[in-house]
Amino acid sequence: MQITEHETYIEIRSDSRFSARQTFTCGQCFRWQEQADGSWRGVVRGRAARVWDDGGALCITGTRAQFDALWRGYFDCDTDYASICQSFAVDEFTAAAAEFGAGIRILNQEPWEALCTFLISQCNNIPRIAAIVQRLCTGWGQPISFEGQTLHAFPTPDALADLSPDDLAPLRAGYRAPYLIAAAQAIESGALSFDTLRGLPTEDARRYIMQLRGVGRKVADCFLLFGLHRLDAFPVDTWMKKAAASYSGDMKQFIDSPFAGVYQQYFFYYVREHQLGK
DNA sequence: TGCCAGGCCGAAA
DNA sequence: TTTCGGCATGGC
């Protein structure tokens, strides 16, 4: 990868196995797009960047100050994922899961964006979720000039609160569009506050967010994990038993099964155990 | 044409 | 408390 004078090559940890592809395509976020050169371009909190991995190191454009101010937290760089993976590989299944998910980092996403994307995710598939989110940003997000092209920030609640479902028809999000508008209105009216949510225990935060229309248990848990970085949000006991039961010894076959995404929760579960010191 | 995709909602049993 | 159909859209 060529590095220009405006770019910073940042290696987070010498023992990191960061994979941009795994991290950006595993279903936790929907805004990073792969470029022809293998790097990934995205916008987070109104800031654009290009990211790639090199020998397991996270590489990102921008200055060191920009990295420390935004991207270090976003990519959860102060968590030792290599150590976590090593520690939880205690049997064939966990070893396979650890190996397969070694490149994933659990991103610290902006809560509002995470809420919207997982409202869109219900009864949907990842490519289509990404397409709807892209149309949402292009249509209602602030334009950002980056590397000679125009990208878009994620729309603010204010930009969506006064829209009607008909206004959002170009999204082709179907019955999910009113959920987005209702969430935006809840933010704008003060009925929903992420600051309040941050101060609540996970169980209370889950009940709080599930008062929103279109937010059931699944959307709530994804929001808590990916929007608030609550690593204890998943009902791991049930999910992990199902995932382990479906594992026949072949991880490659396993990830093609209906439990394809569940292994991730298995991975997240061990991250949680590690971080909470259980 | 019918089924399914990383659900949720509300009615009915 | 659980079950089930409907809900928009798009790919296979």
Side-chain angles (χ1 to χ4, degrees), chain A residues 21-32 97 100-101 104-107 109 111 113-140 160 163-186 191-192 205-247 251-269 271-272:
Chain A
R21 178 178 301 281
Q22 282 193 333
T23 298
F24 295 145
T25 66
C26 73
Q28 64 173 320
C29 63
F30 304 93
R31 291 218 63 202
W32 290 88
F100 182 74
I104 291 178
R105 307 192 76 86
I106 302 175
L107 303 173
Q109 300 185 58
E113 178 174 336
L115 174 61
C116 290
T117 55
F118 286 100
L119 277 168
I120 292 168
S121 79
Q122 64 180 265
C123 202
N124 217 334
N125 57 68
I126 290 176
R128 185 158 174 259
I129 296 165
I132 292 171
V133 171
Q134 181 60 33
R135 287 193 288 271
L136 182 64
C137 294
T138 303
W140 291 273
L160 303 183
L163 299 179
S164 70
D166 283 346
D167 293 327
L168 286 180
L171 281 186
R172 302 199 296 280
Y175 59 84
R176 306 167 191 86
Y179 299 159
L180 298 176
I181 296 168
Q185 290 174 342
L192 171 62
R206 181 183 288 117
R207 274 194 291 273
Y208 183 102
I209 198 67
M210 285 180 69
Q211 294 177 77
L212 270 185
R213 186 160 182 77
V215 179
R217 178 62 190 256
K218 176 64 162 55
V219 172
D221 284 347
C222 286
F223 164 74
L224 289 169
L225 177 59
F226 301 124
L228 291 185
H229 213 66
R230 293 293 177 89
L231 302 181
D232 57 343
F234 272 97
V236 291
D237 292 348
T238 303
W239 293 37
M240 292 316 109
K241 284 176 183 171
K242 287 183 179 178
S246 73
Y247 179 55
M251 180 54 72
K252 194 168 174 51
Q253 187 178 48
F254 174 70
I255 62 174
D256 290 331
S257 76
F259 286 100
V262 178
Y263 106 86
Q264 293 167 26
Q265 274 72 327
Y266 198 80
F267 178 74
F268 299 150
Y269 167 66
V271 174
R272 180 197 75 168

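What you see is a predicted model; the values in this text were computed from it and never measured. Naming convention: chains lettered A, B, ... in sequence-line order (proteins, then strands); numbering from 1 in each chain.
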Checking the side chain of [X] only, and the main-chain atoms of [Y] only, is there a donor and an acceptor separated by less than 3.5 Å?
| X | Y | answer |
| --- | --- | --- |
| A/Arg135 | A/Leu171 | yes |
| A/Arg206 | A/Ala233 | yes |
| A/Gln28 | A/Gln109 | no |

Any donor-acceptor N/O pair under 3.5 Å between B/dG7 base and A/Tyr179 side chain = no
Hey, is the side chain of A/Lys218 pairing donor to acceptor with the base of B/dG6 inside 3.5 Å?
-> yes
Whole angstrom value for the distance that separates [atom2] of [N] from [atom1] of [X]:
| X | N | atom1 | atom2 | result |
| --- | --- | --- | --- | --- |
| A/Arg176 | B/dA5 | CZ | P | 13 Å |
| A/Phe118 | B/dC8 | CZ | P | 12 Å |
| A/Leu119 | B/dC8 | CG | P | 9 Å |
| A/Ile126 | B/dA5 | CD1 | C1' | 10 Å |
| A/Arg172 | C/dT9 | CZ | C1' | 9 Å |
| A/Asn125 | B/dA5 | CG | C1' | 5 Å |
| A/Gln122 | C/dC7 | CD | C1' | 10 Å |
| A/Leu180 | C/dA8 | CG | P | 14 Å |

Please report the distance separating the [atom1] of [N] from the corresponding atom of [M], rounded so that it comes out in whole Å.
| N | M | atom1 | value |
| --- | --- | --- | --- |
| B/dG6 | C/dT2 | C1' | 22 Å |
| C/dG11 | B/dC8 | P | 24 Å |
| B/dC9 | C/dG10 | C1' | 22 Å |

Within a strict 4.5 Å, meaning less than it, do heavy atoms of the [X] and [Y] side chains meet?
| X | Y | value |
| --- | --- | --- |
| A/Thr117 | A/Phe226 | no |
| A/Ile120 | A/Val133 | yes |
| A/Arg176 | A/Leu119 | no |
| A/Pro111 | A/Leu228 | yes |
| A/Leu224 | A/Asp232 | no |

What residues in residues 128-137 of chain A put a non-hydrogen atom under 4.0 Å from any atom of DNA chain C?
-> A/Arg128
Measure the [atom1]-[atom2] distance between [X] and [Y] for me, rounded to the nearest 0.5 Å.
| X | Y | atom1 | atom2 | answer |
| --- | --- | --- | --- | --- |
| A/Leu115 | A/Ile209 | CG | CD1 | 5.0 Å |
| A/Arg105 | A/Cys26 | CZ | SG | 12.5 Å |
| A/Asp221 | A/Arg230 | CG | CZ | 12.0 Å |

Heavy atoms under 4.0 Å, any strand shown: does A/Ile120 hit a base, just sugar-phosphate, or nothing?
-> nothing
Tell me the stems DNA chain B sits in, counting at least three consecutive Watson-Crick or G-U wobble pairs, each under 3.5 Å on both distances.
-> B:2-5 with C:9-12, B:7-13 with C:1-7
Verify whether the ring centers belonging to A/Phe30 and A/Phe118 lie closer than 6.0 Å.
-> yes
Kindly give the atom pairs (protein nitrogen or oxygen, nucleotide nitrogen or oxygen) under 3.5 Å for nucleotides 10-13 of chain B.
from	atom 1	to	atom 2	distance (Å)
B/dG10	OP1	A/Arg213	NH1	3.2

